[in-house]
Amino acid sequence: MKGKDPSPEVQITVQGRGGDGGVAAGAEDHVFRQVRYRRWVTWLVPSFVVANVVMFLVTMYVNDCPKKSGFCIVRFLGRFSFQTLKENPLLGPSSDTLYKMGALAVADVVQRHQAWRLFTCIWLHAGVFHVLANMLSLVFIGIRLEQEFGFVRIGLLYVISGFGGSLLSALFIQSSISVGASGALFGLLGSMLSELITNWTIYANKLAALLTLIVIVIINLAMGILPHVDNFAHIGGFLSGFLLGFVFLIRPQFGWVSQRNALPGRATPSLKPKHTMYQYVLWVISVVLLISGLTVGLVMLFHGVNANEYCSWCHYMSCFPGSKWSCKSQQVSCMMNQTGNVLDLTCLSNGKSNDYILSNDNPSVIQNLCNQLCS
């Protein structure tokens, strides 16, 4: 989840995986089912949940609202109390603290060569509501995938998808900082769709499963056109995960597994390949597209390219203007007066003003505060 985007809770369970008629005996079918439905012990996804929660607590500890700000919410929590709702409606730390902890700030990535922010931002969250929604989604989606495919593949898929989401976000949204795990979560969602496609022959009720996934994907991406939601992180994570699903989540053919696990003394059919030709084709195409896409994206980013200059309509993919909201938060401007580490901002569009205590004068942090003040 990027910025202020509470990700919806999604659970996908595809059941009814049938075999084909190639198994000669019920005993062999039982052996196959034991292999096919093997469940890995899930520890990585719960560890990711713990890591995200711990990082949020550390961020709140560093934030120390009573010491650095004049007004706080739930002040009895001490240094874990929240910034005002005006500054952070998600019940969380200040933008300055998020930046200090590793939020995605494009200017720092390009000008100061802090590429690590593309990874660290996926472990940070803007508030209690933000981290709660994302972690519930991670539990519902991630545990099922880790049970089926193991911690190595799901761990790589999560991290690479999060990186892909951060990269696309950095190319299109360059005026404010960004945090959240939604790119990685959408990567897991995308991988479920490609897993269904590449392992098509082992599924029963294929059409129902496919339609269910497509509807959920459309709903999640459609929610990203609301203001203050970084849909580019969603799209980048989803595309990365979709391609990675063809690479990491490929299953052997039913016939290959059944003949490999045939009982001693039983005649086996003619030798069958482990994977079908279309699985190999999808694997190669996905690897080429993923590597080339990430490489081109990194080259564009480190050359300071603003992707909006090459796509005049792409901004609608992240925020579509409506009668009840505006998408102009990134074109706002504020009058600034700074004395020491106290920053006084006045929004030129609505006249609102507020004081902020900063530990640095990073332009991305100041612009993000201006966006919040004018929204």
Validation: residues 288-296 side-chain donor-acceptor distances under 3.5 Å, sequence neighbours left out:
residue, atom, partner, partner atom, Å
Ser292, OG, Val288, O, 2.7
Ser292, OG, Leu289, O, 3.1
Thr295, OG1, Ile291, O, 2.7

Which disulfide bond (SG atoms under 2.5 Å apart) pairs, counting each pair once, include a residue from residues 128-213, with sequence neighbours left out?
-> none
Contact list for residues 164-200, test disulfide bond (SG atoms under 2.5 Å apart), sequence neighbours left out | none
Using only atom types and a distance under 3.5 Å, with no angle test, would you say the side chain of [X] pairs donor to acceptor with the backbone of [Y]?
X      : Y      : value
Ser137 : Ala133 : yes
Glu146 : Val45  : yes
Gln279 : Thr276 : yes
Ser81  : Gly78  : yes
Ser169 : Gly165 : no

For [X], check ring-ring contact (aromatic ring centres under 6.0 Å, His included) against everything at least two apart and list the hits.
X      : answer
Tyr280 : His275
Phe56  : none
Trp123 : Phe48, Tyr158
Trp43  : Phe151

Ring pair (Phe, Tyr, Trp, His ring centres under 6.0 Å) partners of residues 60-91, not counting sequence neighbours, each pair once | Tyr61-Phe80
Here the pair of heavy atoms bringing Cys121 nearest to Ser166 is SG-OG, 3.2 Å
Taking every heavy atom of Leu171 against every heavy atom of Asn306, the minimum-distance pair comes out as O-OD1, 3.7 Å
Considering residues at least two apart in sequence or located in another chain, which fulfil the side-chain hydrogen bond (donor to acceptor under 3.5 Å, both in side chains) criterion with [X]?
X      : value
Gln83  : Asn63, Ser69, Glu87
Gln114 : Arg117
Asp344 : none

Should the ring pair Phe246 and Phe242 be called parallel, tilted or perpendicular, given that the plane angle runs from 0 to 90° and is split at 30 and 60?
-> perpendicular
Do we see a donor-acceptor contact under 3.5 Å between the side chains of His234 and Asn220?
-> no
Consider only side-chain heavy atoms of I, L, V, M, F, W and Y, link residues closer than 4.5 Å, and tell whether Ile143 and Val41 are in one cluster.
-> no
Do Phe163 and Phe119 have ring centroids that are under 6.0 Å from one another?
-> yes
Please indicate whether Trp200 has more than 12 foreign heavy atoms, meaning atoms of other residues, nucleotides or ligands, lying under 6.0 Å from its CH2.
-> yes
Taking only residues at least two apart or on different chains, which pairs with a member in residues 51-67 satisfy salt bridge (Lys or Arg N to Asp or Glu O under 4.0 Å)?
-> Asp64-Arg79
Answer yes or no: is there an ion pair linking Glu148 with Arg153, defined by an N-O contact shorter than 4.0 Å?
-> no
CG on Leu249 to CG on Leu196, rounded to 0.5 Å | 11.5 Å
